[in-house]
Enquirer: 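I'd like to ask you about the structure that follows.
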Amino acid sequence: MKTRRAIIIIVLILTIVGVLIAHAVLSKDRKFHKITYKIEYPSEPLFEESDLDKFIKDSCGVLLGKLVKEVDLGKVEKKISTYPYLQSVEVIGNVRGEIIVKAIQHKVVVRVFNAKEESFYISEKGHILPLSIRSCDRILIANGEIYQSYKKAAVVEKKKNNILHDIWELACYIENDAFWKAQIAQIYINLQKEIELVPTVGEHVILFGGIDNMSEKFDNLKQLYIKGFKITGWNKFSVVNLKFGNQIPCEKKE
């Protein structure tokens with residue numbers, strides 16, 4: 001029994017070695033003739049394959065037509081990973097002369113318009129991304145008294161009085177809750193550096209304050225929406241104040 005198992009293992013090893021040798025021989029004079037893209041978009045696409053293809057040509061040079069042995073796919077992968085909209089990338093080649101680029105786009109949770117009339121995105125993992133030339137209409141908006149700007153390869157920092165961090169935390173909460181994702185359209189930072197939320201339904205503004213006790217605030221607001229507004233209607237109030245815990249004072253329209 002042991003002898004038979006040993007023979008099987010030896011045969012498998014020889015087969016694998018044979019395949020590797022055959023691969024090396026066949027690939028020696030083979031050229032790359034095609035690039036195939038397999039891209040996952042967790043949120044609205046910030047780029048198209050043609051955009052990435054142009055980036056690869058600009059940063060890596062022309063790859064098609066080159067011998068397989070002349071292309072360092074590891075270096076190619078490293079350069080492609082600097083494309084700002086990619087969360088991860090893997091580049092592989094096969095014996096058919098095909099380069100396969102597997103990539104996952106960053107999941108965008110909010111688009112920021114700062115007080116300097118600049119705009120950029122923040123991803124779910126806190127990466128700050130440049131504005132895309134592609135139209136992205138279904139993304140949460142944040143604006144108002146925001147003075148931070150886009151910085152290449154920057155990540156949102158968790159530190160005191162960092163407005164971008166608060167916006168990111170809040171946007172992630174909204175993104176991951178189907179009810180609030182459908183209900184909240186805008187995050188606004190007012191002159192007092194407090195957060196206001198603008199809903200998609202109703203003409204009121206939600207004075208959220210800070211992100212402390214965020215879950216509790218949203219739970220209380222949800223009860224108001226489900227029970228209170230069902231009776232009074234959506235358009236009776238101009239301001240809903242969540243700054244005082246379970247008590248939610250609402251300011252009536254004049």
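In this text the structure is predicted, and so the values were computed from the model without any measurement.
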Enquirer: Determine, using the 4.5 Å side-chain heavy-atom cutoff (strictly less than), whether Ile141 and Ile187 are members of one ILVMFWY cluster.
Expert: no
Enquirer: Would you call Asp177 and Phe218 a side-chain contact if the rule is heavy atoms closer than 4.5 Å?
Expert: no
Enquirer: Check for me, please, whether Leu64 and Tyr37 land in the same ILVMFWY cluster - side-chain distances under 4.5 Å, paths through other members count.
Expert: yes
Enquirer: Under a 4.5 Å side-chain heavy-atom rule over Ile, Leu, Val, Met, Phe, Trp and Tyr, are Val205 and Phe113 clustered together?
Expert: no
Enquirer: Can you measure from CD1 (Ile206) to CD1 (Ile184) and round to the nearest 0.5 angstrom?
Expert: 4.0 Å
Enquirer: Please give me the minimum heavy-atom distance between Arg96 and Arg30, naming the atom from each residue.
Expert: C-CD, 4.0 Å
Enquirer: Measure the CD1-CD1 distance between Ile139 and Ile122 for me, rounded to the nearest 0.5 Å.
Expert: 11.5 Å
Enquirer: Do you reckon Ile195 sits in the same ILVMFWY cluster as Leu224, going by side-chain contacts under 4.5 Å, direct or chained?
Expert: yes
Enquirer: To the closest 0.5 Å, what do you measure between OG (Ser149) and NZ (Lys116)?
Expert: 3.5 Å
Enquirer: Would you say that Ile211 contacts Tyr173 through its side chain, given a criterion of any heavy-atom pair below 4.5 Å between the two side chains?
Expert: no
Enquirer: Rounded to the nearest 0.5 Å, how far apart are NZ of Lys193 and CD of Glu145?
Expert: 6.5 Å
Enquirer: Is there a side-chain contact (heavy atoms from CB on, under 4.5 Å) between Glu175 and Val110 once you walk through the steps?
Expert: CA-CA 9 Å; Glu175 172 68 26; Val110 62; over 6 Å; no
Enquirer: Nearest 0.5 angstrom please: Ile189 CD1 to Tyr147 OH, how far?
Expert: 11.5 Å
Enquirer: Go through Lys217 and Asp212 one step at a time and tell me if the side-chain contact (heavy atoms from CB on, under 4.5 Å) criterion holds.
Expert: CA-CA 9 Å; Lys217 289 179 179 180; Asp212 53 299; 3.8 Å; yes
Enquirer: Could you measure the distance from the CD1 atom of Ile80 to the CG atom of Leu73? Nearest 0.5 Å is fine.
Expert: 9.0 Å
Enquirer: Looking at every heavy atom in both Ala182 and Thr200, which two are closest together, and how far apart are they?
Expert: O-OG1, 3.0 Å
Enquirer: What I'd like to find out is whether the side chain of Leu197 reaches to under 4.5 Å of the side chain of Leu242, using heavy atoms alone.
Expert: no
Enquirer: Can you give me the closest heavy-atom contact between Gln105 and Ser43, atom names plus distance?
Expert: NE2-OG, 3.5 Å
Enquirer: Test of understanding: clusters of I, L, V, M, F, W, Y form through side-chain heavy atoms closer than 4.5 Å, transitively. Do Val68 and Ile92 belong to the same one?
Expert: no
Enquirer: Would you say His106's side chain and Leu86's backbone share a donor-acceptor pair under 3.5 angstrom?
Expert: yes
Enquirer: Apply side-chain contact (heavy atoms from CB on, under 4.5 Å) to residues Lys151 and Ile128 and explain how you reach the verdict.
Expert: CA-CA 7 Å; Lys151 292 181 181 179; Ile128 300 175; over 6 Å; no
Enquirer: Check whether the ring centres of Tyr41 and Tyr85 lie less than 6.0 Å apart, and answer yes or no.
Expert: no
Enquirer: Whether the Asn190 and Glu196 side chains hold a donor-acceptor pair (N or O, under 3.5 Å, no angle test) is what I'd like checked.
Expert: yes
Enquirer: Other than Tyr188, which residues form its hydrophobic cluster under the rule that side-chain heavy atoms must be closer than 4.5 Å?
Expert: none
Enquirer: Using modelled atom types and a 3.5 Å cut-off, is there a donor and acceptor pairing between side-chain atoms of Glu194 and backbone atoms of Leu207?
Expert: no
Enquirer: Is there a donor-acceptor pair under 3.5 Å between the side chain of Arg134 and the backbone N or O of Pro45?
Expert: no
Enquirer: Would you say the ring centers of Phe47 and Phe55 fall short of 6.0 Å from each other?
Expert: no
Enquirer: Treating Lys38 as the side-chain partner and Ile100 as the backbone partner, does any N or O pair qualify as donor plus acceptor under 3.5 Å?
Expert: no
Enquirer: With distance as the sole test, does Ser123 use its side chain to make a donor-acceptor pair with the main-chain N or O of Val108 at under 3.5 Å?
Expert: no
Enquirer: Find out whether Lys222 and Ile226 are in side-chain contact, i.e. whether some heavy atom of one side chain is under 4.5 Å from a heavy atom of the other.
Expert: yes
Enquirer: Looking at Leu140 and Val109, what are the two nearest heavy atoms and their distance?
Expert: CB-O, 3.5 Å
Enquirer: With heavy-atom distances below 4.5 Å as the criterion, would you say the side chains of Asp51 and Tyr83 are in contact?
Expert: yes
Enquirer: Give a yes or no answer on whether the side chain of Gln87 reaches the backbone of Ile104 with a donor-acceptor pair at less than 3.5 Å.
Expert: no
Enquirer: Are more than 12 heavy atoms, taken from residues, nucleotides or ligands other than Lys102, located less than 6.0 Å from that residue's NZ atom?
Expert: no
Enquirer: Under 4.5 Å between any side-chain heavy atoms of Asn114 and Gln148, yes or no?
Expert: no
Enquirer: Taking the side chain as every heavy atom from C-beta outward, state whether Asn176 and Glu124 have any pair of such atoms under 4.5 Å apart.
Expert: yes
Enquirer: Within the side chain of Asp72, is there an N or O that forms a donor-acceptor pair under 3.5 Å with the backbone of Lys75?
Expert: yes
Enquirer: So do Lys79 and Ile56 actually touch side chain to side chain, heavy atoms under 4.5 Å?
Expert: no
Enquirer: Distance-only, no hydrogens or angles: does the Trp168 side chain make a donor-acceptor pair with backbone N or O of His127 under 3.5 Å?
Expert: no
Enquirer: Whether the side chain of Asn162 engages the backbone of Lys158 through a donor-acceptor N/O pair (distance < 3.5 Å, no angle test) should be reported.
Expert: no
